[in-house]
Amino acid sequence: MAQTSNVFKLAVASGKGGTGKTLLSTNLASFVSEFDDVLLVDLDVEEPNDSIFVKGLVSDVHPQYKMVPQWDVARCDLCGDCVDICNFNALVNVGKMIVVYENLCHSCHACSELCHKKALPMKKHHVGDVSVIKSQNLTLLEGRLNVNEEQPVALINNVHSLVNQNWSKYKYQIFDSPPGTSCSMVASTGKCDYILLVTEPTPFGLNDLKLAVDAAKLMKRPFGVVINKYGSGNKDVEEYCRDNGIEVLGKIPFDISIAERYSKGELLLDKHCFRSVVSSLYNKLENIRISQNG
Amino acid sequence: MKILFTSTGSEWSSKIDPRFGRAEYLLIYDTEKDELISTDNRSVNGKAHGAGTATAQKVFDLSPDVIITGNGPGENAARVLQHLNPKIFIDAQGLSVKDAYEKYSAGDLSQLPLS
């Protein structure tokens, strides 16, 4: 759905991991920051790494919670209904107590609402943090899930809400999304105005690109493709995009020095061949943004 | 004494299922009654998460004294089993339930310490 203002929410996603989402997100955000305010949001909450490339001070940390039941020994009669009700096996009746697995809980409240003894009141459970990192015009929000948490979606949804509450004045919002096509990718990209699918010209890249295209179509999000490591591999990704009418918005050349510098945590906008891809991509996205906002 | 096997079938000749949470069958051998009773656990196959706790709940309700399995329970399941405190023997994958029982009886299976 298009935003009411002229906010442009751009998701950078991919089926396959390691195709260059973070490379593109951080450099595109940095490019925009040369002349405008830009918000970069790291939604790869299980392994966030945008902060390696965007150097700045953490100005604020927002703790994030999900609601989980807390077992009340004084009220419980150990009937076990909660165990049967839970769709996610987050509760186990071990005879003399109910064990709650906070990491498995989807915060649906069913056990809590249906407990006839009111023995499972909901409480806040800390799942991770959102750090705010400022680097001149660029503001980075980094979502980070705590180790041992298994549910990135709740945190990703929280980050989206936080953006809408506190950073809605930012016209450019770039969401660096987790790889794959599972719940966390859907939660990251599903409400964005446009999805950039980053891929590589290999059989794996193509296979997972097709899955990501299917996901974008199911979510009814407009999308385009960026081919990274272009010049290596084969032409199958390009042919697939051409045959299916999918726009290729950029081709990042296969160049070992890009990989070397990326591995040192450097941005690459001072590299001419790379900068021209990002600059041209920005112009195309700007046209998309303007056309979407009518 | 009750001995629980994670198994791929419901017979003595069935193979031990190396998986705990996603074991297809839970077989209980009651040494006093000399009977083998099977519980179909294949319903966990459709679950993306929580197979370990779902199976652990069933195991808890069956309350075996001994568990014979393959890889051993994962962290979530192990937390449940602490409340039952059975002896857990692992690395029985590849064996039939019968052979695993004989190996256990001979003291040739390795026991997993539950901490």
Side-chain angles (χ1 to χ4, degrees), chain A residues 45-46 66 68-71 73 76 78-111 120 125 127 145-156 178-187 211 215, chain B residues 1-4 6 17-26 28 30 37 39-67 69 71-88 112-115:
Chain A
V45 299
E46 291 178 277
K66 71 174 181 181
V68 298
Q70 182 172 37
W71 184 61
V73 59
C76 180
L78 293 167
C79 73
D81 282 355
C82 53
V83 176
D84 297 333
I85 288 161
C86 181
N87 228 341
F88 308 100
N89 305 298
L91 298 156
V92 177
N93 182 350
V94 293
K96 53 195 183 303
M97 66 183 291
I98 302 293
V99 181
V100 179
Y101 287 82
E102 285 93 352
N103 54 337
L104 295 175
C105 177
H106 280 58
S107 310
C108 77
H109 292 238
C111 60
L120 290 164
H125 172 72
V127 293
L145 193 68
N146 290 343
V147 171
N148 201 36
E149 288 299 329
E150 298 184 21
Q151 312 289 343
V153 170
L155 178 56
I156 290 167
T181 47
S182 63
C183 303
S184 54
M185 179 268 196
V186 171
L211 298 174
Chain B
M1 185 173 70
K2 289 198 283 187
I3 303 172
L4 181 138
T6 60
D17 195 326
R19 303 165 300 173
F20 183 86
R22 294 186 185 275
E24 294 184 24
Y25 290 87
L26 303 172
I28 284 275
D30 189 322
I37 296 170
T39 302
D40 190 336
N41 194 43
R42 286 175 295 178
S43 60
V44 299
N45 283 346
K47 295 185 190 304
H49 299 277
T53 48
T55 300
Q57 178 73 72
K58 284 183 195 160
V59 170
F60 188 89
D61 295 341
L62 293 166
S63 62
D65 304 287
V66 170
I67 294 174
T69 184
N71 303 331
E75 190 182 337
N76 289 337
R79 261 177 68 196
V80 177
L81 295 179
Q82 278 174 2
H83 297 273
L84 188 65
N85 205 23
K87 288 180 176 154
I88 301 176
L112 185 74
L114 257 191
S115 55

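In this text, all values refer to a predicted model and were calculated from it rather than measured experimentally. In what follows, chains are A, B, ... by sequence order, proteins preceding strands, each numbered from 1.
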Would you say the side chain of [Y] lies within less than 4.5 Å of the side chain of [X], judging by non-hydrogen atoms?
X        : Y        : answer
A/Glu150 : B/Asn76  : yes
B/Glu75  : A/Asn148 : yes
A/Val94  : B/Leu84  : no
A/Val99  : B/His83  : yes

Of the non-hydrogen atoms in [X] and [Y], which two are nearest, and what is the gap between them?
X       : Y        : answer
B/His49 : A/Leu104 : CB-CD2, 4.2 Å
A/Asn93 : B/Phe60  : O-CD2, 3.6 Å
A/Val83 : B/Gln57  : CG1-OE1, 3.5 Å

Subject >> Other residues, nucleotides, ligands: >12 heavy atoms within 6.0 Å of B/Lys58 NZ >> reply: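 Yes, the 6.0 Å shell around NZ holds more than 12 heavy atoms from other groups.
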